[in-house]
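These notes are about the structure you will find just below.
Position 1 is the first residue of the sequence, and the numbers go up from there. The basis for the numbers below is simple: all heavy atoms, side chains too, and nothing from hydrogens, waters or symmetry mates.
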Amino acid sequence: MRLPITLALLLSACGSQETAIDPTPAEAPVDTAPTEESTAQDESGETPATAPAEPSAVFAASTRAFGADLYRRLRSREGNLVVSPGSIDIAFAMTFAGARGETAAQMARVFHFGQDGDALHAAAQAQLARWNDPDRDTYELRVANRIFAKQGMDIQPDFAAITRERYGAPMELISFSPPEAARAHINRWVAEQTRERIDELLPSGALDATTRMVLTNAVYFLGNWKTQFPEDATREEPFYVNGEGVPARTMHLTHSFGFAHRDGAQLLEMPYVGDALSMVIVLPDAQDGLPALEEGLTAEQLAQWTSDLEEQPVTVSLPRFRLEMDEPLELKETLRAMGMPLPFQADADFSGMSAPSDPDERLSIDEAYHMAFIEVTEAGTEAAAATAVVMGRGAGPAAAPPTRFTADHPFLFLIRDTQTGSILFMGRVNDPRP
């Protein structure tokens, strides 16, 4: 199965004046680097704890904290839900490299980036190196980054160096006139990186004459469950949606998995081949218990849900499901409400990215788009996600009977890096029917 993640960061300005561009940086490999301790801030701006000193753990803490904050904001949306905190985090970490002053401070608070930008970029670099391990043969996980920049625009050398050295992003000079041709070109790159799962990340009208730059990231994962569900055990069973049973293709397996029962829910962790990634399912005890779990979701709870799970035999009943978006999720108003309005305003400060002499050429974020896809089957999981930030103006069986884990009502799921704790995907299944 496949798990691609793709994101794009688009920058634009209000004017049409062009200035000289710095030399185009060559593509650079992503490798690990040590970092200092960093702190993560909550949505109110307080600093609850010191983040781990291990490089990639700093980035992982951001995906958990931001993921929990974002999910609480999106939980009121009807139906199924899937987002990629890891994808959105990478997009805005690259954006953050060019932010200054209060613009950077607001982004740091909302994304829990901490006080030290260098530590954040080193942490992202370490995580990318782990995901891009060339010696891995148990599954495929590859991250690609690329910057599409308008020919002739001014780019700050430090920003080009960070995106090149920390994120391994080569720079491609293109014309954004006509905008639709540029949009098609970028969407084609995204589609290629995600094996066609995300083929319309940038909707019609996302680019215009003010677009100056597009930063893109794509993650591709190909892996299977460590213990697969036998296909001949799958059968149609009821899944309860608002108390009414609907038919769902339900998979069955008895095996030893990480399990716990806390916070009014059963927690089950199923690893993928290689044990580096896993899916954690949070199943409320009550059929109607999911809204209460979502309302109280925190970064600390996410960490608890994925730690201290006891290996024990479990009889699992889990529906096959496929979740996908018909159109991109627009994040602008959500992020503004979370505490970062300034980056979307004309007086935003992205001078670390580009510092043109013409004030009409200053950059700000127009909109942030996100798309995600996930499919869970007997063999494993296929998923994809994409983010675009558009910028313009301003163990063995035991003797005891196995625990029963019957996911026949709405539940939460996480796909995470088991070593660093980074959250790649999270969401809910309200109705598993296609």
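For Y272, the ring pair (Phe, Tyr, Trp, His ring centres under 6.0 Å) partners two or more places apart in sequence, or in a different chain, are F221, W225. A search for side chain to side chain contact (heavy atoms under 4.5 Å, CB included) contacts involving P247 returns E236, not counting sequence neighbours. Applying the salt bridge (charged side-chain N to carboxylate O under 4.0 Å, His left out) test to R100 and every residue at least two apart in sequence or in another chain returns nothing.
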Test log, rule side chain to side chain contact (heavy atoms under 4.5 Å, CB included), inputs F59 and I90: CA-CA 9 Å; F59 179 78; I90 293 175; 3.6 Å; yes
D408/T406 under side chain to side chain donor-acceptor pair (under 3.5 Å): CA gap, chis, key distance, verdict: CA-CA 6 Å; D408 63 356; T406 304; 5.9 Å; no
Derivation and outcome, side chain to side chain contact (heavy atoms under 4.5 Å, CB included), residues I423 and F66: CA-CA 10 Å; I423 304 296; F66 170 73; over 6 Å; no
Criterion side chain to side chain contact (heavy atoms under 4.5 Å, CB included) on V214 and I174, from CA distance to verdict: CA-CA 10 Å; V214 181; I174 69 171; 5.8 Å; no
Trace of the side chain to side chain donor-acceptor pair (under 3.5 Å) decision for Q345 with D347: CA-CA 5 Å; Q345 297 172 181; D347 54 347; 3.2 Å; yes
Residues E378, T234; criterion side chain to side chain donor-acceptor pair (under 3.5 Å); working and verdict: CA-CA 8 Å; E378 290 85 352; T234 298; 2.6 Å; yes
Trace of the side chain to side chain contact (heavy atoms under 4.5 Å, CB included) decision for M340 with R109: CA-CA 8 Å; M340 49 176 280; R109 286 194 293 268; over 6 Å; no
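Taking CE from M325 and CG from L201, the interatomic distance works out to 11.0 Å, rounded to the nearest 0.5 Å. One distance of note links CD1 of I162 with CD of Q125; it measures 11.0 Å at 0.5 Å rounding. With rounding to the nearest 0.5 Å, the separation of CG in D69 from OG1 in T334 is 12.0 Å. Separation of atoms CG (L267) and OG1 (T306) is listed at 9.5 Å; rounding is to 0.5 Å. Within the model, atoms CZ of F373 and CD1 of I198 stand 8.5 Å from one another, a figure rounded to the nearest 0.5 Å. The line from NZ of K226 to CE of M270 is 13.5 Å long, rounded to the nearest 0.5 Å.
No side-chain heavy atom of N430 sits under 4.5 Å from any side-chain heavy atom of V241. Residues V82 and E324 have side chains not in contact (no heavy-atom distance under 4.5 Å, counting atoms from C-beta outward). Considering only heavy atoms from C-beta on, Q127 comes within 4.5 Å of D417 through its side chain. Two residues are said to be in side-chain contact when any heavy atoms from C-beta on lie closer than 4.5 Å; L70 and L331 meet this criterion. P85 is listed as a side-chain neighbour of M426, based on a closest heavy-atom distance under 4.5 Å. Put simply, the side chain of R142 reaches to within 4.5 Å of the side chain of Q193, judged on heavy atoms. In this structure the side chain of L74 reaches within 4.5 angstrom of the side chain of L329, judged on heavy atoms. The closest side-chain heavy-atom distance from R428 to P410 is not below 4.5 Å.
What you find for F411 and P284 is that their closest heavy atoms are CA-CD, 4.2 Å. Contact between M353 and L363 at its shortest, heavy atoms only, is SD-CD1, 3.8 Å. Nearest heavy atom pair, residue F92 against residue I365, reads CE2-CD1, 3.9 Å. Nearest heavy-atom pair, N187 versus D199, reported as atom, atom and distance to 0.1 Å: CB-O, 4.0 Å. Looking at every heavy atom in both residues, A93 comes nearest to Y167 through CB-OH, 3.3 Å. Counting all heavy atoms, side chain and backbone alike, R416 lies closest to V280 at NE-CG2, 4.0 Å.
Using modelled atom types, no side-chain atom of D431 and backbone atom of N80 make a donor-acceptor pair closer than 3.5 Å. Of the possible polar contacts, one joining the S354 side chain to the D154 backbone as a donor-acceptor pair under 3.5 Å is found. Judged purely by atom type and a 3.5 angstrom limit, R164 has no side-chain atom pairing as donor or acceptor with the backbone of M171. One N or O on the side chain of T95 and one on the backbone of A91 form a donor-acceptor pair closer than 3.5 Å. H370 contributes a side-chain N or O that, together with a main-chain N or O of S84, makes up a donor-acceptor pair within less than 3.5 Å. A donor-acceptor contact shorter than 3.5 Å is absent between the side chain of R197 and the backbone of I374. Checked by atom type and distance alone, the side chain of R166 never pairs as donor or acceptor with a backbone atom of A124 at under 3.5 Å. With hydrogens and angles ignored, the 3.5 Å screen pairs no side-chain donor or acceptor of T103 with any backbone N or O of L342. Of the possible polar contacts, one joining the D349 side chain to the S351 backbone as a donor-acceptor pair under 3.5 Å is found. Between the T418 side chain and the S278 main chain, no donor and acceptor come within less than 3.5 Å of each other.
When each of V429, I281, L253, T250 is paired with L318, the side-chain contact (heavy atoms from CB on, under 4.5 Å) condition holds for I281 and for no other.
Note: H185 and F148 have perpendicular aromatic rings, judged against thresholds of 30 and 60 degrees for the angle between ring planes.
D133 CG: more than 12 foreign heavy atoms inside a 6.0 Å radius. Counted within 6.0 Å of NZ on K332, heavy atoms from surrounding residues, nucleotides or ligands total more than 12; the atom is thus considered enclosed.
A salt bridge between R73 and E333 is absent, with no side-chain N of the basic residue lying under 4.0 Å from a carboxylate O of the acidic one. One finds a salt bridge joining E361 and R212 here, because a Lys/Arg side-chain nitrogen approaches an Asp/Glu carboxylate oxygen to under 4.0 Å.
You'll find the ring centres of F257 and F405 outside the 6.0 Å limit.
Looking only at atom types and distance, the side chain of S317 has no donor-acceptor partner in the side chain of E237 under 3.5 Å away.
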